[in-house]
Amino acid sequence: MMVAITQPRRVAAITVATRVAEEMGVEVGQEVGYSIRFEDCTSPSTQLKYMTDGMLLREALLDPLLSRYSLVVIDEAHERTIHTDVLFGLLKGVQKRRQAASTATKSSKKKAATTGVALKDLQNLLTTSKTPLEKKNSALKLVVMSATLDTKGFCEYFNGAEAVYVQGRQFPVEIFYTFTPEADYLDAALLTTFQIHLEEIPGDILLFLTGQEEIESMERLLKERASHLSPKVPKLLVVPIYAALPSEQQMRVFQPAPDGTRKVILATNIAETSLTIPGIRYVIDPGLVKARAYNPRTGVESLEVVPVSKAQARQRSGRAGRERPGKCFRLYTEDLYRKLEDSTVPEIKRCNLANVVLQLKAFGIDDVLGFDFMDKPSRIAIVKSLEHLYSLGALTDEGKLSDPIGTRMARFPLEPMYAKAMLISCEMGCSEEMLATVSMMSVDSVFYAPRDKLQEANNARNRFISADGDHITLINVLRHYIQEAEEAGAGAGAGEAEDTSSNSNSNENKKVFKRIRSWCTANFINARSLKRAVDIQKQIRGYVEGMGLTIISCGDDMLSFRRCLAASFFLNAARRQLDGTYRALASGQSVAIHPSSVLFGQKPDCVVFNELVRTNRSYIRNITRVDSLWLPELAPHYYAAQALNTPCQS
DNA sequence: GAGCACTGC
């Protein structure tokens with residue numbers, strides 16, 4: 001039997017597996033391996049399996065007792081990802097069932113859950129548990145590793161499990177607060193940066209900001225001020241980093257600054273946990289973060305700038321003490337720090353639960369409201385998700401998973417609405433187009449539009465534009481990309497261009513990769529996003545075919561495809577009002593077409609959309625024009641025919 | 001004519 005160790009992120013699973021394999025003197029993929037989406041690096045001899053928490057959830061769908069594992073270790077549990085929280089509840093249930101099965105043959109039982117365990121304890125657990133675990137249905141051991149200060153909550157949730165404390169390795173970081181609250185934190189950050197630069201010993205600065213726009217404007221300000229520095233003062237090198245930045249530019253943060261130059265990194269939360277930048281001695285923390293918020297009543301998700309939690313503030317300051325002692329400047333008062341929340345609200349309480357509820361139903365948990373969550377989402381959020389799934393036909397009138405629709409939907413690694421769209425498209429003869437659409441919808445925007453080259457970027461996008469809307473435009477991008485990749489690779493698939501296992505043709509592959517990359521650059525396309533979309537497309541195609549369904553293209557019959565979009569996304573339909581604004585038909589709220597849409601300024605009568613983002617206004621994005629009469633025709637259970645057959649006045 | 005933190009299957 002194996003040991004599973006989960007991580008919230010893919011890179012973490014790979015790097016920890018690699019490190020452990022190295023220390024054990026084995027090759028990664030043998031005794032020690034990892035498993036993440038699109039990449040399974042394990043073998044029959046694998047005993048320690050590092051994986052993303054989402055991957056273990058997927059495995060649990062196929063093997064609800066996790067019978068291949070004797071021990072599951074949940075690492076970084078304090079991050080409380082949505083996957084971690086669902087795993088908690090599931091694993092408690094699995095423990096109970098396996099315990100019951102094993103106590104039928106054995107009488108004495110040890111406590112199974114432990115919080116915060118050192119590696120050597122872990123090894124003890126492994127060795128001592130070997131013999132009894134050879135038996136089928138033996139008890140499942142569970143270790144939860146968390147950097148949280150409040151272990152009580154974890155121990156209570158895991159039935160009074162014992163806590164083991166491990167000293168972390170970290171250099172001291174001196175914390176400074178402001179004496180009075182700052183009226184303008186950006187101005188304060190600017191001043192603090194130069195104060196450090198002029199008064200402190202060498203070492204790079206990490207400044208946390210809330211988003212791309214803030215980073216871009218701070219970059220301009222810092223560069224402008226730095227150009228006025230006296231020539232006697234060391235130079236200041238400003239480097240931005242955020243997730244949407246193309247990877248070539250992201251790499252700049254890892255290059256050491258030239259001698260006599262101090263690097264200042266302007267980062268979003270990406271530098272808090274996802275990546276570690278060497279050379280940081282100073283951290284500037286304005287104490288704010290842009291976080292996802294969810295209003296279960298309206299079902300609208302939004303991004304809002306909110307104060308960080310104490311745990312986040314500590315995580316940020318820790319970034320100054322990874323290689324040597326450092327300093328952290330918090331741009332708020334100590335009193336304000338004391339008033340911050342202890343920890344960030346778990347993700348499961350801040351987002352749409354449609355997917356979580358669908359997965360739970362697929363596990364056979366019919367009473368989702370009674371599920372043993374460590375932090376329970378609000379009742380209304382769960383009920384909203386149940387209604388959503390019911391509208392999509394995933395649930396029966398009794399609230400059970402419908403078959404085959406619901407069971408098939410749960411198998412797709414997609415949002416429920418996209419999963420349903422795939423199923424509908426197979427019946428409507430345009431599954432190839434829908435496959436491209438859901439793949440493109442599942443990744444960050446592939447259009448890269450830097451502010452200084454906006455016009456050029458828009459011109460590039462015009463080459464792909466469809467007058468019908470964004471979905472077909474995105475299909476065009478994907479089609480062109482795959483064509484380009486095929487021409488470049490002469491048979492090599494677009495997705496494989498980068499990662500070939502054989503070395504004999506690696507030069508050939510390098511050439512292919514280079515050509516594709518320059519095509520992306522020339523067309524202002526984010527290569528990372530598009531590569532991901534191609535990977536997803538391949539994976540979903542496999543799932544569809546695995547269900548015995550066929551992928552067929554409607555060719556140029558985009559009318560059929562748009563009808564299919566209407567049939568799939570009827571819950572996200574909007575109609576133009578007399579005053580030119582739009583009304584979302586399901587919620588009744590007033591929305592506007594986002595300026596990034598190809599339909600912006602086109603005034604279509606009726607549209608379906610995939611995303612509603614709330615900023616100053618509520619904007620809909622990724623939109624296709626449809627005929628309002630299609631809605632009652634294709635979704636009669638949702639739209640009464642008479643409600644929509646009055647033409648819109650224009 | 002505006003702007004989307006970060007993950008994950």
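Labels below follow one simple rule: chain letters A, B, ... track the order of the sequence lines, proteins then strands, and each chain is numbered from 1. Note: hydrogens, waters and symmetry copies are ignored here, and every other heavy atom, side chains too, is used.
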Practice item. Not counting sequence neighbours, list each pair that qualifies as a side chain to side chain donor-acceptor pair (under 3.5 Å) and has a residue in residues 594-603 of chain A. Key: A/Asp470-A/Ser597, A/His594-A/Ser596

Base, sugar-phosphate alone, or nothing: which one does [X] contact when heavy atoms must sit under 4.0 Å apart?
X: A/Arg9; value: sugar-phosphate
X: A/Arg617; value: nothing
X: A/Leu303; value: base
X: A/Phe412; value: nothing
X: A/Glu272; value: nothing
X: A/Ser274; value: sugar-phosphate

Just grab all the salt bridge (Lys or Arg N to Asp or Glu O under 4.0 Å) pairs involving [range], residues at least two apart or on different chains.
range: residues 441-450 of chain A; result: none
range: residues 607-625 of chain A; result: A/Glu304-A/Arg614, A/Glu611-A/Arg621
range: residues 409-423 of chain A; result: none
range: residues 72-81 of chain A; result: A/Arg9-A/Glu79, A/Arg80-A/Asp85, A/Arg80-A/Asp375

**Study point:** Residue whose nearest DNA chain B nucleotide is more 5′ - A/Arg532 or A/Thr210
**Key:** A/Thr210

**Study point:** Earlier contact from the 5' end, DNA chain B, for A/Glu213 and A/His83
**Key:** A/Glu213

Exercise for review: Using only heavy-atom distances, determine whether the side chains of A/Ser309 and A/Thr344 contain a donor-acceptor pair under 3.5 Å.
Suggested key: yes

Point to revise | Nucleotide interval of DNA chain B bounded by contacts with chain A (heavy-atom cut-off, under 4.0 Å) | key: B/dG1 to B/dC9

